Each structure stands twice: as C-alpha cells, then as structure tokens.
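Report on one structure; see the data block that follows.
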Amino acid sequence: MLSAPKGTHDLLPEALATWQYFENTARSIMERANFHEIRTPLFEATSLFERGVGDTTDIVNKEMYTFEKGDRQLTLRPENTAGVVRAYIQHGMDRCPKPVKLYYLGPMFRYERPQAGRQRQFHQAGVELFGLDTPQSDASVILLAWDLFTTLGIPDLALEINNVGCFDCRDDFKNQLRAILLPFKDSLCEDCQKRYETNPLRMLDCKSEKCKAIYASEAVANFLEADHTCEACQQHFNALLIILTQCNIQFHHNKMLVRGLDYYTRTVFEITSTHLGAQNAVCGGGRYNGLVKTLGGPDTPAVGWALGVERLISLIPPQHPASLDFYIASDDPGSALLLAQQIQHQGFSVEVDLSGKNLGKQLTQANKLQAGQVIILGETERQQNQITLKDMAKGLQETVDKDSFLTSLKRPPVSSVLR
RNA sequence: GCGAUCGUAGCCUAGCGGUUAAGGCCCCUGAUUGUGGUUCAGGAUAUCGUGGGUUCGAAUCCCAUCGGUCGCCCCA
C-alpha cells in the first residue's frame, strides 16, 4: 500500500482543529507584538544553508534534502533563519525603520531518523528581529515566546539561557578549553574526541559518565565556572538577565548550553518541557549578529527563535472541530442549497443532503454529524414559505416563517483568538 | 549512521503449528417512503507488512527485507 514517506505525516481534520487553534493564537500574539509575517520559498540555493547555517553543522553535513535542477543546487529548507535573512537582504529591508520584526510559520525538512518529537518534515514558527543589538531586544523576543506558551497554557516549561560570546571571545574560549582538556583528550569518549576538534563547546553537553567526570573535575570545573566572554558580551548578558527578572521570567543560566548552529553570538536560549520525550526542546534561539553580513548584507545585528510546532502541539489540550450548526433535510435540492447558502452567509455552518435520502435517513445523517438543529424543508413547508426547525438535543420542533427565521439568525460568537 | 522493539480489515483486539483467521468499534442495507438517537436482523471490508526457508501443514517457528514506534547522535 502507498503510504506517506518515512518521517512525514498526514494531518487529518480531527488533528487540524488543534493546529488551527495554535496557528491562530500564534499569529495573533505575534501580530500584536508588531511582528509581520514573511513567507519564503520551501527550497533555496544549497549554498545559502552552507554559508548561513554553517558547513560544520550536522544539519548541513548530513541532514539536508539536496537536489539538482539544470545547473542549480537546491535544498529543501532545514530551518528558516537563513531564508529570512536572504529575503531581508534581497529586498533591501535594512532601509525599513529599525527594528525590522518578522515571523514565519511553515514546514522544514531534515533527513534524520524519526523518533518522538522528530520528523523529516516538521513545522516551525519563528520570529526574527533585525537591526538592534540591545539586551532589551533579546528580552523582547524571549518574552514573546514566553507569552505565547503561557497563553496556550503549557505547563512545566523551563527557560535555559547562556552567553556564548561574540566571534572574538568565543574563539579564545574554545582555544582555552582545548588547552585545559588536552591532558584528558585520550580518555574522552569517541564523540568528544571528534568534538574536541570540530565543536569543543558541544563536549560540555556529553552524556558519557567518563566525560562528565572529567568536566566535573576541579581544574575543569573551575575554568568553566568563570566567565570567559569579553567585557561587552558580559555586560549585554547581565543586562538581559536583569530585564528578564524584572519581567518575572524564571530562567536557569546553563553554562553548558550551546546551540548546534554556527551563527549564534552572545545570547542563546532554549525552552524545554518535562512532558516531551528525549527531544525536549520546544523552542530555541538566540542572537546572530554576524549572519546578515556573512550572507552578503550590511552588518546588521539580529535576534530570534524558532519553535517546533509538532512538539508544542503535543503539549496543548486537543481542540475539537467546530460543531455543525444546521442540517437541512429536504426533498428539493434546489431550495435546500439556496437556503443553505443564505444561512452560511449569516456565519453558520450548514450541511445539506446531497444523496437524495428519505427524511428518516437524513435525520440519521444529521444525528451522526451532530448537527445542533435540523431544518426540515419539505413540500408542506415550501408551499407556506415556512421551515420546520428541530432541536436535535431536546427533540422539539416548531414550524416557523422562513424569512423571519433568516432575519432572526445572529452571527455566532467567533473564537476570541481570532481578531 | 548505530541500537531496541512492534507489524492480524479504516481503528482496537483474540488466535501462538492443525477445518473456511474470531470478536468489538466504524461503514452499508432493512425492520422504519415526513421524523434521528435505542433495539433487532442482515451485509461489506484481511493475499495475517513483504519475500524466502523449515514442516504433511505456518498468522503462529527461522532468516532477510520494508514499515511503525522509541533511544543514541543531533536538533525545534
């Protein structure tokens, strides 16, 4: 049997009620914070990701869906920051009043082994703020994420935050870290020996007991305890923590927190949940002051985050599709369809029998569809320009004038999430 | 890329070497051609993931493969 490709899922109507609830809430909250939506292509030049995300990262090295058309190398986007930055540069958005605040929502693609909270096609929602290098701009995007999660009622979240420094002090730190770990290099696990060369910061996150013991040993621990970022980075980070505290945001300064994408500078953060599986990060982001310039634009500081929609949705109570307001039971399709349209124009949902069933069958159908009310529009009613209105829960019905029924219809209250 | 585990109708489950693979939900028809839900009667839907092997005989045992799920790695 044909099935959806490995690591992809069909989203069926039942599940989409929750998705739409999330999307409406997210859009509403981001728009109210004056972020505006941007939609970039699902695929981009491969070189964009190689330069933007970093050619030593796992994402670029082994997780990209890359293909060739003509002489073009293209890649399905594995994340969207690079694409948004490309669009920012291409459309001269540095001429827009600063900060430029954008958000996006859509599918991403990574070739990985699927597991809980990880698929090959998954969805992210994210924000990017361009043109400010202030701690308050970092705080504003973190606050926005926190506001979204709070509004959605997600319990047991933790904000982990760290300062990875700017390009200059981070390289210094990496070299110092290599120097201090050099005596232990041969006793590190296989992975860490590789990380020692490629991405030493990652070693600190290792789960191997052997490595953990080394990193916890006095000499190493003392080294890690100290802040090795430069004066400016430290000031930025401390100011950010003060603002977060003022805003009553609980955070954990996790000195081991590093991110897998090369473009981050200074602030990095992650929001995790204890209700997820091994992939417990629901949102991740940080500052990326070098990326716009790296991709050929003007030197522009920026900060942003992305959240995993599937992971997030698994944390919110399932929503149910809106119930059916009316079912029209009739033996005359023309007048039934016309009446349905008139009621729909008043903002109600209506189903009409399209199969020519008899009245009993149509009521059975209405019952299965859980229609609130059935409108019986038979020959008798039509002759008098009337309808019979039957309340399915109470089982009561009355025959009323059709036109006065239509004028009495009031628009139902629309979900407060929609603006 | 590595490891663990599971595959029986659309869904849930029984069967664990021996007739025609059983039950529940869902779906369809009728009792009921202007009144639903309940009930009753009937019906449809499965090459038991696929391929090979062992056996007189395989859904059942063995091997391979594919797919799902979970974990490592990494990330949202």
Side-chain angles (χ1 to χ4, degrees), chain A residues 1-9 12 14 53 56-63 78-81 104-126 145 189-192 194-195 198-199 202 205-208 257-261 264 268-273 276-286 304-315 327 329-332 353 355-371 373-382 388-397 399:
Chain A
M1 202 203 319
L2 292 173
S3 57
K6 189 185 185 85
T8 69
H9 287 295
L12 304 180
E14 190 66 31
V53 179
T56 63
T57 61
D58 276 8
I59 290 180
V60 168
N61 273 323
K62 45 188 205 193
E63 296 176 6
E79 57 96 57
N80 205 27
T81 298
Y104 59 83
L105 201 58
M108 310 293 159
F109 307 86
R110 292 183 197 173
Y111 185 75
E112 301 180 275
R113 282 293 292 273
Q115 68 181 76
R118 198 170 70 181
Q119 296 163 218
R120 291 182 173 180
Q121 177 178 333
F122 64 104
H123 295 75
Q124 287 188 334
C189 73
E190 216 174 291
D191 286 332
C192 278
K194 259 183 256 164
R195 292 178 184 128
T198 56
N199 192 350
R202 279 242 149 258
D205 214 14
C206 186
K207 274 140 198 129
S208 140
L257 180 68
V258 286
R259 319 232 75 247
L261 285 67
Y264 287 110
V268 297
F269 67 93
E270 205 166 84
I271 296 174
T272 58
S273 165
L276 291 169
Q279 315 301 320
N280 67 348
V282 68
C283 178
W305 49 254
L307 66 83
V309 177
E310 283 84 354
R311 290 182 190 178
L312 180 61
I313 280 177
S314 73
L315 298 173
Y327 185 96
S330 177
D331 55 356
D332 184 59
D353 174 65
S355 66
K357 291 184 175 77
N358 65 37
L359 181 61
K361 288 291 163 211
Q362 293 192 38
L363 280 163
T364 302
Q365 185 69 7
N367 194 55
K368 282 179 190 158
L369 299 177
Q370 296 176 48
Q373 300 205 285
V374 170
I375 293 167
I376 300 170
L377 184 62
E379 198 183 348
T380 328
E381 285 87 355
R382 285 200 303 281
T388 297
L389 203 55
K390 176 170 179 127
D391 185 303
M392 291 299 277
K394 294 181 185 141
L396 303 173
Q397 68 182 53
T399 301

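Computed from a predicted model, the values in this text were never measured in an experiment. Chain letters run A, B, ... following the sequence lines, proteins first, then strands; residues in each count from 1.
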Could you give the [atom1]-to-[atom2] distance, from [X] to [N], as a whole number of Å?
X	N	atom1	atom2	result
A/Glu79	B/A76	CD	P	8 Å
A/Met392	B/G36	CE	P	9 Å
A/Ile376	B/G34	CD1	P	12 Å
A/Asn61	B/C73	CG	P	18 Å
A/Asn358	B/G30	CG	P	8 Å
A/Asp58	B/A76	CG	C1'	15 Å
A/Lys6	B/C66	NZ	C1'	9 Å
A/Gln365	B/C27	CD	P	9 Å

So, do A/Glu270 and A/Cys283 sit near enough that their side-chain heavy atoms are less than 4.5 Å apart?
no

Ignoring the backbone of A/Arg110, work out which of B/G36, B/C70, B/A76 is nearest its side chain.
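Comparing B/G36, B/C70, B/A76 against the side chain of A/Arg110, the answer is B/A76.
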
Choose from B/G30, B/G3, B/A76 the nucleotide whose nearest atom is closest to any side-chain atom of A/Lys361.
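For A/Lys361, the side-chain atoms sit closest to B/G30.
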
Using the [atom1] atom on both, measure [N] against [M] and round to a whole Å.
N	M	atom1	value
B/C12	B/C70	P	15 Å
B/A59	B/A14	C1'	12 Å
B/A4	B/C62	P	16 Å
B/A58	B/A21	C1'	12 Å
B/C61	B/A76	P	43 Å
B/G30	B/C66	P	48 Å
B/A44	B/C27	C1'	8 Å
B/U47	B/A22	P	14 Å

For [N], does OP1 or OP2 lie under 4.0 Å from any side-chain N or O of [X]?
X	N	value
A/Gln115	B/C72	yes
A/Lys368	B/C28	yes
A/His9	B/G67	no

Could a donor-acceptor pair under 3.5 angstrom be found where the side chain of [X] meets the base of [N]?
X	N	result
A/Arg118	B/G71	no
A/Ser3	B/G68	no
A/Glu381	B/G34	yes
A/Glu112	B/C73	no

Give the intermediate values and the outcome of side chain to side chain contact (heavy atoms under 4.5 Å, CB included) for residues A/Tyr327 and A/Asp353.
CA-CA 8 Å; A/Tyr327 185 96; A/Asp353 174 65; 3.4 Å; yes

Give one of base, sugar-phosphate or nothing for A/Gly277, where a contact means two heavy atoms less than 4.0 Å apart.
sugar-phosphate

salt_bridge(A/Glu112, A/Arg118) N-O dist < 4.0 Å:
yes

Under a 3.5 Å limit for both distances, which nucleotide forms a Watson-Crick or G-U wobble pair with B/G42, could you say?
B/C28

Return whichever of A/Gly117 or A/Lys394 has its heavy-atom-nearest nucleotide of RNA chain B closer to the 5' end.
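Looking at the nearest nucleotide for each, A/Lys394 comes out on the 5' side.
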
Quick one: does any side-chain atom of [X] pair with a main-chain N or O of [Y] as donor and acceptor, under 3.5 Å?
X	Y	value
A/Asn61	A/Thr57	yes
A/Gln362	A/Ser330	yes
A/Arg311	A/Asn280	no
A/Arg110	A/Pro78	yes

